[in-house]
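A quick write-up on the structure given underneath.
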Amino acid sequence: MSTYTDKVGNKLNALLEKTYDAEKGYKKAAENTDNMVLKTFFTRKSEQRYDFGHNLKTEINSFGQNIDKGGSLAAAAHRTWMDVKAFVSSNSAESMLEEAIRGEKAAIDEYKDVLSETNLPSSTVTLLTQQMNQIELDLAKEKVMENIS
């Protein structure tokens, strides 16, 4: 049976932290746009990331790993940048969507990095693959929305 090593536990905790950071970022984006299509989309993405984080936390706990709490400095800077762009950009909806796309691409890379570990339990592989696939599907939607924002 596959088990978590400290390295895998650390990677999963980093992924969890970034998932919660994304949740906060999407919530902030929803608050900073008057475009109802984007507001709805960003709100749904925030709720999705909350669910992703809860499921990741449950998975990590099920293998006896500790959960790290808190938000990353890089994500806080990213949210601040989204705030600044929202106030100074003449097309803030487009700017926030561009930042969201950039964040989604980074999230996919994070998932691929964790999934590259050979000693992940099958339940973890399944969970991470499902979440990554959903992010990739939504990324395609975000790219389409970028043309209409």
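Since this is a predicted model, take the numbers as computed values, not measurements. FYI, side chains are in, hydrogens and waters are out, and symmetry mates aren't considered; it's all heavy atoms of this structure.
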Which distance, rounded to the nearest 0.5 Å, do you find between the NZ of K45 and the CG of L38?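 Reported to 0.5 Å precision, the distance equals 13.0 Å.
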
Hey, could you give me the CZ/OG1 distance between F63 and T124, rounded to the nearest 0.5 Å?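 Answer rounded to 0.5 Å: 5.0 Å.
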
Check: [Y] main-chain N/O paired with [X] side-chain donor or acceptor under 3.5 Å:
{"X": "E117", "Y": "V8", "answer": "no"}
{"X": "S46", "Y": "F42", "answer": "no"}
{"X": "S116", "Y": "D113", "answer": "yes"}

Assess, by modelled atom type and distance only, whether the side chains of D138 and Q48 contain a donor and an acceptor separated by less than 3.5 Å.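 Yes, Q48 and D138 have a side-chain donor paired with an acceptor closer than 3.5 Å.
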
Does the side-chain contact (heavy atoms from CB on, under 4.5 Å) test come out yes or no for N133 and Y111, once each step is laid out? CA-CA 10 Å; N133 289 344; Y111 275 86; over 6 Å; no

Using the test side chain to side chain donor-acceptor pair (under 3.5 Å), find all partners of E31 that sit at least two apart in sequence or belong to another chain.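 Result, side chain to side chain donor-acceptor pair (under 3.5 Å) vs E31: none returned.
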
Is it true that R44 and E47 have a side-chain N and a carboxylate O under 4.0 angstrom from each other? no

Does atom NZ of K27 have more than 12 heavy-atom neighbours, drawn from other residues, nucleotides or ligands, at distances under 6.0 Å?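 No, not enclosed.
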
Does D34 have more than 12 heavy atoms from other residues, nucleotides or ligands lying within 6.0 Å of its CG?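 Atom CG in D34 is not crowded, with 12 or fewer foreign heavy atoms closer than 6.0 Å.
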
Find out whether Q130 and T126 are in side-chain contact, i.e. whether some heavy atom of one side chain is under 4.5 Å from a heavy atom of the other.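 They are in side-chain contact.
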
Close side-chain approach of E59 to L56, heavy-atom, < 4.5 Å: no

Of all the heavy-atom pairs spanning I135 and A107, show the shortest one and how long it is. CD1-CB, 4.2 Å

Please report the shortest heavy-atom distance between N61 and I67, naming the atom on each side.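 Here N61 and I67 meet closest at OD1-CG1, 3.5 Å.
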
Give the intermediate values and the outcome of side-chain contact (heavy atoms from CB on, under 4.5 Å) for residues K28 and N32. CA-CA 6 Å; K28 185 67 89 173; N32 285 323; 3.6 Å; yes

Transitively linked via ILVMFWY side-chain contacts under 4.5 Å: L12 with Y50? no

I'd like to know whether L128 forms a side-chain contact (heavy atoms from CB on, under 4.5 Å) with L15, so could you lay out the CA-CA distance, the side-chain angles of the two residues, the decisive distance to 0.1 Å, and finally the verdict. CA-CA 10 Å; L128 295 180; L15 186 61; 3.6 Å; yes

Step by step, would you call E104 with I101 a side-chain contact (heavy atoms from CB on, under 4.5 Å)? CA-CA 5 Å; E104 293 292 345; I101 289 170; 5.7 Å; no

